[in-house]
Amino acid sequence: MTPEPLPHHDGSPLHVSTAHPTLGETVTLRLRVPQQYPKLRNVMVRSNPDHEPHWDTATDLGILNGWRWWQAQVKVANPRHGYRWLLIHDEDTLGGSAPTIEWLNQSGIHSGEVLDAEDFALLAYPAPPLWLYDGVMYQIFPDRFARSAGADSREIPDWAEPADWADPVNPVMPSRVCQFYGGDLDGVVEHLDHLQQLGINILYLTPFFPGASNHRYDASSFEQVDPLLGGDEALIRLTDAAHQRGMKVIGDLTTNHSGDRHEWFQRALAEPDSDERGFYYFTDDGDYESWLGAASLPKFDWSSQKLRRAFIEGPDSVVAKWLKPPFNLDGWRIDVANMTGRFRDVDLNAEVRQILRRTMEEVKPDSILLAESTNDAASDLTGDAWHGAMTYPSFTRPLWAWLAEPTGQPYTTAQGSQETEPWFFGQPLGGIPRGDAHSFREAVERFNAVIPWRIRLGNMHPLDTHDTARFATHATGERVAVAVGLQHSLPGLPTLFAGDEFGLTGEDGEISRTPIPWSSIHQPEVAERLRLYREFIGLRHRHPVLSTGAMRWLFSDADTIIFIRESEKESLLVFASTSPDEQTTSLPVDLVCSSPLNPAVDVQKLYGAVEFRVEDDHLLLRSGGVRFGMWQLPGVKVPR
């Protein structure tokens, strides 16, 4: 069936006069309707201030380049101001005496009433810094990234099992958490040129606080950088060097728990009457609650006002300390953010995240705050604190389900002959579920329908992380190119895990933490993977429409998705397919750009081996096998 253009609105500059309004500000909203769409008698915006519907009538601005534009003025009444469009059709066009109506919200066009949760949303909370939207993020697990010469002089702690850089990762406990390669922060400094050439402009460091593990999510203090990483001075050197290159640096903070060696927890154990005792959940018999039953990770009790003041509230808190000189971090990623402040009948999550963000606003307003929430995060992504999240179901998991290659065989682990199905984000599914291109699109639409556009742009898009298997374990060649292309072209924050650009593999979230093989950087297969990432990151930086532009789905079936990113300056058409056979996808030109298209003048190929031609007012995209393509087209003209 030939797809037809539909009315469209999103949170991009084409449709919203400002994504960062203040409370009480009037914002201009624009809806575009295809010229050939059934005639509309009236268009209105239905808002829901104070949970009571309010109506604003839109003005017909006329037709320009195949789109009829409607415009409404809406006054922002709440910090999150939800709204949807009501389309009232001309009775004479559709027939009958009763009005025919449609509703347009973030989940699409509907004939019946829709959920408030899926409304578009204007956010009057303090805006994130613009550099977030221009970012390509790179996650560094310090122990495995690079080891400076200074690491050789440091005394190895009692918990550590020293390993040579070329040793394989041992996933068996206790080596799983104790294997120690000795990567440090000066090692990161020494490879900033590599990251700069790659196009990275945000570094995300997993915890740099001292702990009793290689991952350091079991902090023994929040007041110093682990001496094994080079101490406080090494972090200062890193942030200074990164800032000189125009890069930002964010840290990783565990607000859900500390380590059991933490000075606060040790005092709580030793002194039952101490303030620190109230920082944790202790039972009457002296036992305590911990993260998922891990005794080494005692859980914080955020009802403690003194914990709040010490950790997240005010300029003297832990959160503030590392944002201020001389450390000058540019933000935080919060570990286990979804569980922070939540325990049985207690839910202080909103209070904690709002205090945390308020402190950051006071100390460093242009800092970012990202949450780890590995499942559906919509209830927390309201705009009141988080600028975005690491959330797998809206991109990573459905992408794996579509693009991971069936192996046909179980994997053999390092534990001998034991065989296991391929790991899939800790879900007990017996392997990687099979999906297709259309189900990928549906997942992206479903999970983002309840997330404000501004937050969606800050949501992290990893193919894998330090907690997952490596995507390259299950995909090769063009499938990796398709995945990386989608990572950098869909709305969201592209996020690489260190080593992705080397083609590293790993069967679960521990084995994936392989030391970076710097000696292999000139090997042909590594050079080709580096070229791939540099090309897509370069496209992201050269075409801001990929960061903040509008997005419309144009086509999907079991093998192929096609969408377009749009701004007034340019539009980028994106094609991704895993069709096993050669095929031609036909799209009406007016679906794509709503104006005559001269391929010789109006189209510039940016990436891919996909044939592009125009015949009889149709755009034909011809390809075979697994392919990704991107083309630059004219921008969208908006009536003024």
Side-chain angles (χ1 to χ4, degrees), residues 129 131-147 183-208 215-216 229 235 237-252 329-333 335 367-368 370 372 387-390 395-396 458-468 470-472 480 483-488 492-504 506 509 512-518 521 526 529-541 546-547:
W131 60 261
L132 172 61
Y133 302 141
D134 297 331
V136 175
M137 180 178 282
Y138 188 92
Q139 182 191 22
I140 293 175
F141 191 86
D143 184 60
R144 311 292 164 84
F145 185 72
R147 180 184 172 102
D184 58 10
L185 298 184
D186 284 320
V188 179
V189 174
E190 292 172 2
H191 289 86
L192 287 179
D193 286 346
H194 165 78
L195 300 179
Q196 188 170 29
Q197 292 165 9
L198 197 59
I200 300 301
N201 53 12
I202 305 176
L203 306 184
Y204 152 38
L205 306 173
T206 59
F208 50 72
H215 55 70
R216 297 183 172 87
L229 294 177
L235 181 61
R237 288 191 291 271
L238 173 55
T239 54
D240 285 349
H243 290 161
Q244 289 171 15
R245 288 169 168 80
M247 299 176 180
K248 305 293 185 180
V249 184
I250 70 169
D252 198 336
L329 285 182
D330 299 292
W332 292 107
R333 178 262 197 188
D335 180 64
S367 58
I368 63 170
L370 303 176
E372 181 195 25
H387 293 143
M390 177 187 286
F395 174 76
T396 311
N459 277 349
M460 299 162 68
H461 278 177
L463 300 184
D464 44 49
T465 72
H466 71 298
D467 283 327
T468 78
R470 294 272 189 178
F471 177 72
V480 173
V484 177
L486 292 172
Q487 179 183 40
H488 288 83
L493 177 63
T495 303
L496 285 66
F497 175 33
D500 284 350
E501 76 275 26
F502 284 77
L504 294 186
S512 70
R513 302 173 185 180
T514 308
I516 305 299
W518 293 107
I521 199 165
V526 174
R529 188 60 56 87
L530 284 167
R531 183 206 59 78
L532 175 74
Y533 274 97
R534 286 170 182 156
E535 187 164 2
F536 277 118
I537 294 171
L539 287 170
R540 179 86 177 192
H541 290 322
L546 292 176
S547 299

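In this chain, numbering begins with 1 at the start of the sequence shown. Note that these values count all heavy atoms, side chains included, but never hydrogens, waters or copies made by symmetry.
Looking at heavy atoms from C-beta onward, L532 lies out of side-chain contact with E535 at the 4.5 angstrom threshold. A 4.5 Å side-chain heavy-atom check between F208 and R216 finds every atom pair outside the cut-off. For the pair H243 and D330, the minimum side-chain heavy-atom distance is below 4.5 Å. Side-chain contact between I202 and W131: present, with at least one pair of heavy atoms (C-beta onward) separated by less than 4.5 Å. Looking only at side-chain heavy atoms (C-beta outward), L496 and V136 come within less than 4.5 Å of each other. Proximity of Y138 to D500: side-chain heavy atoms (C-beta onward) are nowhere separated by under 4.5 Å.
Salt bridge annotation for D134-K248: absent, with no cationic side-chain nitrogen under 4.0 angstrom from a carboxylate oxygen. Electrostatic pairing of R147 and D186 does not count as a salt bridge here, judged by no charged N lying under 4.0 Å from a carboxylate O.
In this structure, a donor-acceptor pair under 3.5 Å is absent between the side chains of H215 and D143.
Using the six-membered ring where Trp is involved, H461 and F395 have ring planes that are parallel, under 30° apart on the 30 and 60° scheme.
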task: Evaluate the criterion side-chain contact (heavy atoms from CB on, under 4.5 Å) for residue pair L195 and N201; output intermediate values, then yes/no.
output: CA-CA 8 Å; L195 300 179; N201 53 12; over 6 Å; no

task: May I have the step-by-step check of side-chain contact (heavy atoms from CB on, under 4.5 Å) for L205 and L238, ending in yes or no?
output: CA-CA 11 Å; L205 306 173; L238 173 55; 3.8 Å; yes

task: Go through the steps to decide whether F145 and W518 satisfy the test ring-ring contact (aromatic ring centres under 6.0 Å, His included), and finish with yes or no.
output: CA-CA 9 Å; F145 185 72; W518 293 107; 5.2 Å; yes

message: For a salt bridge (charged side-chain N to carboxylate O under 4.0 Å, His left out) check, start with the C-alpha distance between R513 and D467, then their side-chain angles and the critical distance, and finish with the verdict.
response: CA-CA 9 Å; R513 302 173 185 180; D467 283 327; 3.2 Å; yes

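Nearest heavy-atom pair across F471 and V480 is CE2-CA, 4.2 Å.
Although no hydrogens or angles enter the test, the distance criterion places no donor-acceptor pair under 3.5 Å between the side chain of T239 and the main chain of V249.
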